[in-house]
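Below is one structure, written out as structure tokens; the observations come after it.
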There are 2 protein chains.
Amino acid sequence: MTRHTRYRGRVTRTNSRRTSRRAVYETLRRKVLTLELPPGAALSENELAASLGVSRTPVRESLILLVEEGLVQVFPQVGSFVSRVDPDKVADAQFLREAVELASLEDLPAELDPELVGELRRNLDQQHRPGLTVEDFFALDEEFHHGLLQLAGHGSAWATVVSAKGHLDRARRLGLQETPPEGFADQHVEIFEAVLSGDVAGARAAMRTHLRAVFDDVEAIRERSPELFASASGAVPVRRNVVVWE
Amino acid sequence: MTRHTRYRGRVTRTNSRRTSRRAVYETLRRKVLTLELPPGAALSENELAASLGVSRTPVRESLILLVEEGLVQVFPQVGSFVSRVDPDKVADAQFLREAVELASLEDLPAELDPELVGELRRNLDQQHRPGLTVEDFFALDEEFHHGLLQLAGHGSAWATVVSAKGHLDRARRLGLQETPPEGFADQHVEIFEAVLSGDVAGARAAMRTHLRAVFDDVEAIRERSPELFASASGAVPVRRNVVVWE
DNA sequence: CGCGCAGTACTTGTATACAAGCATCCGTCG
DNA sequence: CGACGGATGCTTGTATACAAGTACTGCGCG
């Protein structure tokens with residue numbers, strides 16, 4: 001059956017259309033990660049839809065994705081809630097990122113991409129700029145770790161790490177409100193210097209120290225603000241009265 | 001403002017209700033991973049809904065989750081397709097699982113959980129049973145690797161690995177149609193013996209060899225069946241005529 | 001004052017209707 | 001015969017309606 005038109009070959013262009021769901025998803029995710037929506041807060045699909053000016057559909061689909069990331073819990077016929085920070089999940093994320101980031105250091109090529117190296121340098125400079133807000137430092141921190149993975153050719157593994165470390169991030173963000181980031185910035189420099197000099201073992205050691213320090217920081221937070229963390233066994237959502245902490 | 005009833009404390013029971021979306025999601029995911037829905041196949045929300053006897057809603061929500069896992073691609077106003085196996089994503093999954101599984105071996109406790117050890121033993125026995133189907137071996141393989149992670153207290157990291165290794169699994173499944181699994185089963189035994197004897201370095205070496213062998217297997221597949229793999233740059237979905245491979 | 005019980009309001013899950021956009025088909029024209 | 005162009009059908013995105021189920025509220029009773 002010969003066809004007149006073969007190879008119409010319409011290469012479907014970019015799939016990144018500005019869709020309503022994407023906007024809602026990003027908004028909600030940001031609010032959860034920045035604790036603007038605190039752990040335990042009740043999320044009503046209807047309320048969110050109304051406040052965001054959309055229907056339930058994109059809101060609901062966004063919540064499904066956030067559930068997948070562990071940032072939200074949905075109880076059928078009961079309600080949706082920002083999940084409390086789960087210490088087990090924090091530890092899982094810590095293990096995962098440590099495994100991934102340390103392993104990537106073993107795959108660093110002999111010749112580092114000069115462009116990436118330049119970006120990382122500028123990034124580190126900014127990290128030491130005085131008067132940096134917590135949010136700014138966080139963004140730089142993310143970019144730095146992502147950049148290191150890219151340097152080893154494993155940049156796409158970062159997406160997996162990101163989607164798994166939501167619980168870790170929320171705890172950290174809270175901690176950085178009090179702990180100044182200078183120490184972490186210095187550790188970043190130490191890691192980077194080792195990477196530049198080709199000292200894989202040194203880079204691994206520095207990275208491990210750094211990540212462990214971040215993790216210990218979280219443990220300290222937990223002692224000061226246990227309300228944000230989940231207790232053992234399933235949490236107890238209460239629909240209205242978001243009594244979360246006191 | 002005193003309230004009459006405090007601590008109503010209705011602990012919301014299990015959230016694992018048998019929902020329609022869950023069933024659809026699991027069905028679709030299984031069909032994609034087992035290649036019953038081959039890479040490149042067109043998925044119509046309407047058709048799927050009709051054939052599964054539900055409305056578009058649960059189908060659509062399932063597809064969103066599958067997109068998140070990279071198993072499906074959705075092009076707005078064009079169509080949804082089972083994603084072709086992307087060599088880059090296969091490599092990413094390989095890197096991730098290697099990093100995680102090797103790192104977990106470092107965290108093995110001195111005293112191994114005897115119950116888990118027993119399970120793993122039985123698992124390995126079954127792997128060597130003759131007449132094993134590919135699907136059976138796959139299930140055992142998954143259980144074995146998951147069990148090893150549990151042995152080190154990192155069982156929950158398996159979920160992340162699973163959600164990232166869909167592309168790797170599809171390629172492997174195709175390969176195992178021809179390559180008998182005996183070799184892999186023997187490697188599993190070797191890893192397990194090293195773990196039991198507390199030989200972390202040996203276990204790491206054996207595990208690395210094993211995972212690399214699996215990966216190389218995938219490369220061999222690709223040469224024989226390039227149709228299932230994505231070419232460089234964005235794939236070209238065609239709505240009707242699922243010309244996928246000639 | 002405390003408790004129990006029924007009604008009500010709200011929740012999420014699912015089904016359906018409508019909107020916007022793209023690919024295909026087929027007639028027309030060169 | 002080949003190429004162009006508009007009508008048509010199908011696609012996903014979004015909005016809305018309905019269903020099933022739960023928690024909260026307030027009344028009546030002991």
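As the structure is a prediction and not an experimental result, all values here were calculated from the model. Residue numbering restarts at 1 for every chain, and letters A, B, ... go by the order of the sequence lines.
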Minimum-distance nucleotide (side-chain atoms of A/Ser20 versus C/dT14, D/dT12, D/dT14)
D/dT14
Does A/Val90 form a side-chain contact (heavy atoms from CB on, under 4.5 Å) with A/Lys165? I'd like the steps, not just the answer.
CA-CA 7 Å; A/Val90 173; A/Lys165 75 183 176 51; over 6 Å; no
Of the listed nucleotides (D/dT16, D/dT14, C/dA15), which one gets closest to any side-chain atom of B/Thr57?
C/dA15
Expected output: side-chain A/Ser225 to main-chain A/Leu228 donor-acceptor under 3.5 Å:
no
Looking across every strand, which nucleic acid part, if any, lies under 4.0 Å from B/Arg60 by heavy atom: base, sugar-phosphate, or nothing?
base
Between C/dG13, D/dA15, D/dG13, spot the one nearest the side chain of B/Glu45, thanks.
D/dG13
Look up atom CD1 in B/Ile64 and atom CD in B/Glu69, then write down how far apart they are to the nearest 0.5 Å.
13.0 Å
Of the candidate nucleotides C/dT12, D/dA23, D/dT12, which contains the atom at the shortest distance from the side chain of A/Gln77?
C/dT12
For B/Glu47 and D/dC10, give me the distance from atom CD to atom P, rounded to whole Å.
10 Å
Picking from C/dA15, D/dA15, C/dA17, the nucleotide nearest the side-chain atoms of A/Ser55 would be D/dA15
For B/Arg56 and D/dT16, what is the distance between atoms CZ and P respectively, to the nearest whole Å?
16 Å
Starting from P on C/dG13, measure out to CD1 on B/Ile64 and report it in whole angstrom.
13 Å
Go through D/dG13, C/dT12, C/dC22 for me and flag the one nearest to the A/Thr19 side chain.
D/dG13
Regarding B/Asp136 and B/Thr133, do their side chains bring together a donor and an acceptor under 3.5 Å, going by distance alone?
yes
